[in-house]
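Structure first, commentary second.
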Amino acid sequence: MSDVIFLGTGGGRMVVLNQMRHSGGFWLNLNGVKILQDPGPGSLVMAHKHVLKPSSLDAIILSHRHIDHSNDINVMIETMTGGGFHPRGRVIVPGDCLNEDPVVLQYVRPFTEIVEIKEGLKISIRDINISFPIRTMHPVETYGAIYEFNSKRLGYIPDTEYFPGLAQAYKGVDFLIINVVRMTTDKRIRHLNIKEAANLIGSINPKMAILTHFGLQALKASPDHQAKLISERTGVRVIAANDGLSVSFEDK
Ligand SMILES: [Zn+2]
């Protein structure tokens, strides 16, 4: 069984700070390997609300250090490791989450194995392979991932501005989760706008794409409606995630 459950689908300051959508990231179960990606504020609460078992996590991954992606990292490390009494799992993060002004606190580090992401890193957890194909363009060090399971590939495009090379890095994935914070570009905060996301989905051409991490602009424009428009334009099945949405990767 392989699926994803969205513990939160909010992104950007207004939506996350006001909790217009929850912000706990997403929880993958890939052939029994459990991975929590981007535990933003409320991840611990939402994991328990959905009766997931954080003590069964195999890995926690941060795409980057911004607080809407990393706020609950320390408490999730504690809960993954039974308050540190049962060291286990892996925490996979960019270097700037560990060094100056670290978001991963020093005292929790001995509880788990810390892995620093570099562009091109490949790691395996049992029969799941995870690669970090390209550093994206965002104000802090940021990496998406490609998770490989049962000879299927799921790509995650995190916060980034558009740049050539992004589509190529994710070519051939069967499923794609993509953060769509904004409708229009604001050069200062370096996010994809909806048109760029649509172009990426069109050129990557997965079997299914899931939009998430909506900022205020994207929420106001109705993510469901935008997903429908992108579907019509690209021919790809596109859905907009809701808090608590679960999507199976079987038989697709
Ligand atoms: Zn960010």
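Indexing begins at 1, ligand by ligand and atom by atom, following the structure's order. Hydrogens, waters and symmetry mates are skipped; everything else that's a heavy atom, side chains included, is used. A quick note: this is a predicted structure, and the numbers were derived from the prediction, not measured.
Classification of the Phe6-Phe26 ring pair by plane angle, with boundaries at 30° and 60°, yields tilted. Taking the six-membered ring for Trp and thresholds of 30 and 60 degrees, Phe249 and Phe175 have ring planes inclined between 30 and 60 degrees apart.
Applying the side-chain hydrogen bond (donor to acceptor under 3.5 Å, both in side chains) definition to pairs two or more places apart or across chains, those involving residues 30-40 are Asn31-Asn150, Gln37-Tyr147, Asp38-Ser63, Asp38-His69, Asp38-Tyr156.
In summary, the side chains of Asn129 and Ser124 do present a donor paired with an acceptor at a separation below 3.5 Å, with no hydrogens or angles considered. A donor-acceptor contact closer than 3.5 angstrom links the side chains of His213 and Asp68. Between Thr184 and Asn193, the side chains place no donor N or O within less than 3.5 Å of an acceptor N or O (distance only, hydrogens not considered).
Around the Zn ion (ligand 1), protein N, O or S atoms at less than 2.8 Å comprise His64 NE2, His66 ND1, His138 NE2, Asp159 OD2.
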